[in-house]
2 protein chains.
Amino acid sequence: MFAEENFARDTLTPCGQPDHEDCGLRLVLDRLGEKWTVMTMAELAAGPRRYRVLQRALQGITQRMLTLTLRRLERDGLVSRSVEPTNPPSVTYALTHRGETLAALVVGLVDWSRAHKNGIEASQAAFDMRRDD
Amino acid sequence: MFAEENFARDTLTPCGQPDHEDCGLRLVLDRLGEKWTVMTMAELAAGPRRYRVLQRALQGITQRMLTLTLRRLERDGLVSRSVEPTNPPSVTYALTHRGETLAALVVGLVDWSRAHKNGIEASQAAFDMRRDD
DNA sequence: CCGCATCCGGGATGATACTG
DNA sequence: CAGTATCATCCCGGATGCGG
C-alpha cells in the first residue's frame, strides 16, 4: 500500500495502475508493433487504395501478410473494406475516421524517425564501438 | 553478447525503392514494438529511476527483459545509464534529450489508446460476431 | 542490489502453391 | 484481381540460476 506511493506522475504513466494491461495500451501497441501495420496505415493515409496497389507500394510484403494486416486493422475499426462486385472484383481499403486519428499520430512517429535516424545510428555505432573494443 | 545477438541485422527491410521512405522508420518501430519499451519510456518520462524501482513499477517484467529493454534504449541514445560506485552499486536510468522528444509522442499514443479502448473492443466484438455467423 | 547467461516454447513472419 | 492454405522458420520473451 505504501510501497509505491511515489506516483506523482499525472500524464505520462501508462495508467498508474498496478496492472498495466487494462489501460488499452497493449491493444494499440501490439497492433503497431506488427511489422507492416504502420507502413500500411501510412500508405492509406494518402488515400484509399486497392489491394494490388497496396501490395506494390509496400515492397517486400507477401500477400499473406498484407491480407493479415488489413484484416486486423479492419477488425479494430481502423480500416474499412469495400468490395465492388465487378469482374474481376475490386476491393478498396480506406482509413476509417478512427483510423485517421491514429494515423495522425503515426505520422508524427514517422517524421520523428526520419529526423532522428542519423542520430540514432550514430549512437548505436558508438555504443557498439565501446563494446567491441 | 549484444553485439553477437545482432541488433542491426534484420532491422532494415528491403525498401530500396524510390517511392517509399521507410528506412529509418523500422529503426524506431521495431523498438517501439517491443513489449516493454513504451511503458519503460513512460515511466522514465516521470523522472530518473533506479533499476529496482523500474522493475517494481513495470509489474510483470522480468529482469532479463528489463535489462534488455534498457540496453537497447541506451544503444539508441534514448536512455542514459549512470552508475554510482557506492556499495552496493546504484544504477540510475534517465531519458536523454532525444528520448524525451520521443516520449512526448509516445504519450500521445498512450492517450489515444485510452480514449479509443472501448471503441476498438466494440469493433472487434462486432467483427468477430459477423465472422462467427 | 544490479546484471548476465542458458534453455525453451509460442507466435509472428515468410515462401510457395492454389482458387473464385 | 484478391485472396486462402500449408508448411517452414525465426526471434521475442518467459523461467530460472549464477555472478559481481
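Residue numbers begin at 1 in each chain, while the letters A, B, ... track the order of the sequences. All of these numbers come straight from a predicted model, not from anything done at the bench.
Whole-Å rounding puts the A:Gln59 CD to C:dG14 P distance at 14 Å. Atom CG of A:Asp30 is separated from atom C1' of C:dG11 by 12 Å (rounded to the nearest Å). Going from atom CD of B:Glu74 over to atom C1' of C:dG3 covers 13 Å, rounded to whole Å. Separating the CG atom of A:Leu68 from the P atom of C:dG11 is a distance of 14 Å, rounded to the nearest angstrom. Between the CG atom of A:Leu66 and the P atom of C:dG14 there is a distance of 12 Å, given to the nearest Å. The distance between atom CE of A:Met65 and atom P of D:dC10, rounded to the nearest whole Å, is 16 Å. Atom pair B:Ile61:CD1 and C:dG3:C1' shows a separation of 13 Å (rounding to whole Å applied). Note: NZ (A:Lys35) to P (D:dC10) measures 13 Å, nearest angstrom.
Between its two ends, the helix from C:dC1-D:dG20 to C:dG20-D:dC1 turns its axis by 50°, counting five pairs per end and rounding to 10 degrees.
Partners of A:Thr69 according to the side chain to side chain contact (heavy atoms under 4.5 Å, CB included) rule, which considers only residues two or more places apart in sequence or in another chain, are A:Trp36, A:Thr37, A:Thr40, A:Leu73. B:Pro89 meets the side chain to side chain contact (heavy atoms under 4.5 Å, CB included) test with no other residue; sequence neighbours excluded. Applying the side-chain hydrogen bond (donor to acceptor under 3.5 Å, both in side chains) rule to A:Arg64 yields no partners; only residues at least two apart in sequence or on another chain are considered. For B:Gln55, the side-chain hydrogen bond (donor to acceptor under 3.5 Å, both in side chains) partners two or more places apart in sequence, or in a different chain, are B:Arg52.
Residue A:Arg72 places at least one side-chain N or O closer than 4.0 Å to OP1 or OP2 of C:dT13.
When side chains are defined from C-beta on, B:Leu58 does not count as touching B:Met65, because their heavy atoms never get closer than 4.5 Å. A:Met39 has its side chain within reach of B:Arg26: a pair of non-hydrogen atoms, C-beta onward, lies under 4.5 Å apart. The shortest distance between side-chain heavy atoms of B:Leu32 and B:Val38 falls below 4.5 Å.
When each of A:Arg49, A:Arg50, A:Arg56 is tested with A:Glu43 by the rule salt bridge (Lys or Arg N to Asp or Glu O under 4.0 Å), just one qualifies, namely A:Arg49.
In this structure, A:Gln55 reaches neither bases nor backbone, as no heavy-atom distance under 4.0 Å exists between it and the strands shown.
Residue A:Pro88 places its side chain closer to D:dC1 than to any other of C:dC1, D:dG13, D:dC1.
With B:Arg31 contributing its side chain and B:Asp76 its backbone, the two residues share no donor-acceptor pair below 3.5 Å.
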Might you list the N or O atoms of the protein lying below 3.5 Å from N or O atoms in nucleotides 2-5 of chain D, with each pair's distance?
unit_1, atom_1, unit_2, atom_2, d
D:dA2, OP1, A:Arg50, NE, 3.0
D:dA2, OP1, A:Arg50, NH2, 3.1
D:dA2, OP1, A:Val91, N, 3.4
D:dA2, OP2, A:Arg52, N, 2.8
D:dG3, OP1, A:Arg71, NH2, 3.4
D:dG3, OP1, A:Arg81, NE, 3.3
D:dG3, OP1, A:Arg81, NH2, 2.5
D:dG3, OP2, A:Tyr93, OH, 2.6
D:dG3, N7, A:Gln63, OE1, 3.1
D:dG3, N7, A:Gln63, NE2, 3.4
D:dG3, O6, A:Gln63, OE1, 2.6

